Amino acid sequence: MSHLVAPSVLSADFNNLERDAEMINNSLADWFHVDVMDGVFVPNISFGFPVIKALNKVAKKPLDVHLMIVKPEQYITQFRDVGADVLTVHYEASPHLHRTLQAIKAAGMQAGVALNPHTPVSLLEDCISEIDLVTIMSVNPGFGGQKFIENTYKKVQDLVALKKAANRELHIEIDGGVNLDNYGKLVTAGADVLVAGSTVFSSNNPTQTIADLKVPVG
Ligand code: DX5
Ligand code: ZN
């Protein structure tokens, strides 16, 4: 299967959110990537339930919700109720990760785990069978438009090995600094979901940029 592209709404124009959502609907994008930041887990605040609910009214593709918040387990059903299809929590914010993953799936969503740049893939060995998607952060979370961290390729390799050994259905998502120069190498390494914020929304033709990121590799 070809890789998926998930434009990050964080880089959209919030005065024209419906217009940008329609652009994603009418593009080759697969998912909406929705970044929730609480100002505690990360040094930035983005948006919460009312905005996601409004987005979900116009979005015709799955919402891939990335929680950069402390205590994500407290809000699982609320994110489901505003339209999340994939709900991703950070490893670093989840002392009871196994329980949280089960709760996300029991609520009817796909369960994701995001790893900060310093967090090794090996820490997921004992719960990999519970995970639908791993998000490898290729920047430090909190802001769009940052520079891609090159060590990401090594982490993709590690995760591909774990996927082959223990969970062949796993999605490997890359989040941060994805662009037209590095997406091919990421897909070749084994990534199958690419998040792209500034690359899409800072371009002159976001619809075409999404199509460019969807061009099959290899
Ligand atoms: C970073 C967010 C990313 C961000 C990506 O904390 O999780 O999803 O929006 O933006 P770009 O693609 O501009 O790095
Ligand atoms: Zn994200």
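In each ligand, atom 1 is the first atom listed, and ligand 1 is the first ligand listed. Everything numeric in this text was worked out from a predicted model, so none of it was measured. For the numbers below, each heavy atom of this structure counts, side chains included, while hydrogens, waters and symmetry mates do not.
- In this model, a donor atom of one side chain and an acceptor atom of the other lie less than 3.5 Å apart for Thr209 and Ser203.
- For ligand 1 and Gly177, the ligand atoms under 4.0 Å from any heavy atom of the residue are 11 (P), 12 (O), 14 (O).
- At least one donor-acceptor pair under 3.5 Å links the side chain of Asn182 to the backbone N or O of Gly177.
- Atom ND1 is the N/O/S atom of His66 found closest to the Zn ion (ligand 2).
- Close contacts of ligand 1 with Met68, meaning ligand atoms under 4.0 Å from a residue heavy atom, involve 6 (O), 7 (O).
- Checking only distances, Val195 never comes within under 3.5 Å of ligand 1, N or O to N or O.
- The nearest protein atom to atom 11 (P) of ligand 1, hydrogens excluded, is given as Gly145 N, 3.6 Å; this is a heavy-atom distance.
- Of the N and O atoms on the side chains of His3 and Asp192, not one donor lies less than 3.5 Å from an acceptor on the other residue.
- Counted by atom type alone, Asp35 and Ser8 present one or more donor-acceptor pairs between their side chains at under 3.5 Å.
- On a distance-only criterion, Gly176 and ligand 1 share no N/O pair closer than 3.5 Å.
- For ligand 1, the polar-atom distance check finds no N/O of Val178 at less than 3.5 Å from any of the ligand's N/O atoms.
- Ligand 1 has an N or O atom lying under 3.5 Å from an N or O atom of Asp35, backbone or side chain.
- The ligand atoms of ligand 1 that sit less than 4.0 angstrom from a heavy atom of Gly142 are 1 (C), 6 (O).
- Contact atoms of ligand 1 toward Ser198: 11 (P), 12 (O), 13 (O) (distance under 4.0 Å to a heavy atom of the residue).
- Closest protein heavy atom to atom 10 (O) of ligand 1: Gly144 CA, 3.5 Å.
- Near Met137, meaning under 4.0 Å from any of its heavy atoms, are these atoms of ligand 1: 7 (O).
- Among all non-hydrogen protein atoms, the one lying nearest atom 1 (C) of ligand 1 is Phe143 O, 3.6 Å.
- With Val113 as the partner, the side chain to side chain contact (heavy atoms under 4.5 Å, CB included) test is satisfied by one option alone out of Ile131, Asp132, Thr135: Ile131.
- Without hydrogens or angle criteria, Glu92 side chain to Asn116 main chain gives a donor-acceptor distance under 3.5 Å.
- Considering backbone and side-chain atoms together, Pro141 places no N or O closer than 3.5 Å to any N or O of ligand 1.
- Atoms CD1 and CG, on Ile69 and Asp38 in that order, are 6.0 Å from each other to the nearest 0.5 Å.
- Between His171 and Glu173, the side chains place no donor N or O within less than 3.5 Å of an acceptor N or O (distance only, hydrogens not considered).
- No side-chain donor from either of Gln78 and Asp81 sits under 3.5 Å from a side-chain acceptor of the other.
- Among all non-hydrogen protein atoms, the one lying nearest atom 12 (O) of ligand 1 is Gly197 N, 2.8 Å.
- Counting atoms of ligand 1 from 1 in the listed order, those under 4.0 Å from a heavy atom of Ser8 are 8 (O), 9 (O).
- Between Thr100 and the choices Glu130, Lys71, Glu73, the side chain to side chain contact (heavy atoms under 4.5 Å, CB included) rule is met once, by Glu73.
- Put simply, the side chain of Tyr153 never gets that close to the backbone of Lys185: no donor and acceptor are under 3.5 Å apart.
- Under a 4.0 Å criterion applied to the non-hydrogen atoms of His33, ligand 1 contributes the atoms 8 (O).
- One distance of note links CG of Leu10 with CG of Asn44; it measures 7.0 Å at 0.5 Å rounding.
- In terms of protein heavy-atom proximity, atom 3 (C) of ligand 1 is closest to Asp175 OD1, 2.9 Å.
- Within a 6.0 Å radius of CD in Glu18, other residues, nucleotides and ligands contribute 12 heavy atoms or fewer.
- Checked by distance only, ligand 1 and Asn140 stay at 3.5 Å or farther apart across all their nitrogen or oxygen atoms.
- Nearest N, O or S atom of Asp35 to the Zn ion (ligand 2): atom OD1.
- For ligand 1, the polar-atom distance check against Thr199 finds no nitrogen or oxygen pair separated by under 3.5 Å.
- Note on Val82 and Val89: same hydrophobic cluster, where clusters join Ile, Leu, Val, Met, Phe, Trp and Tyr whose side-chain heavy atoms are under 4.5 Å apart, directly or indirectly.
- Asp175 contributes atom OD2 as its closest N/O/S atom to the Zn ion (ligand 2).
- Every atom of ligand 1 with a heavy atom of Leu10 under 4.0 Å away is listed here by number and element: 9 (O).
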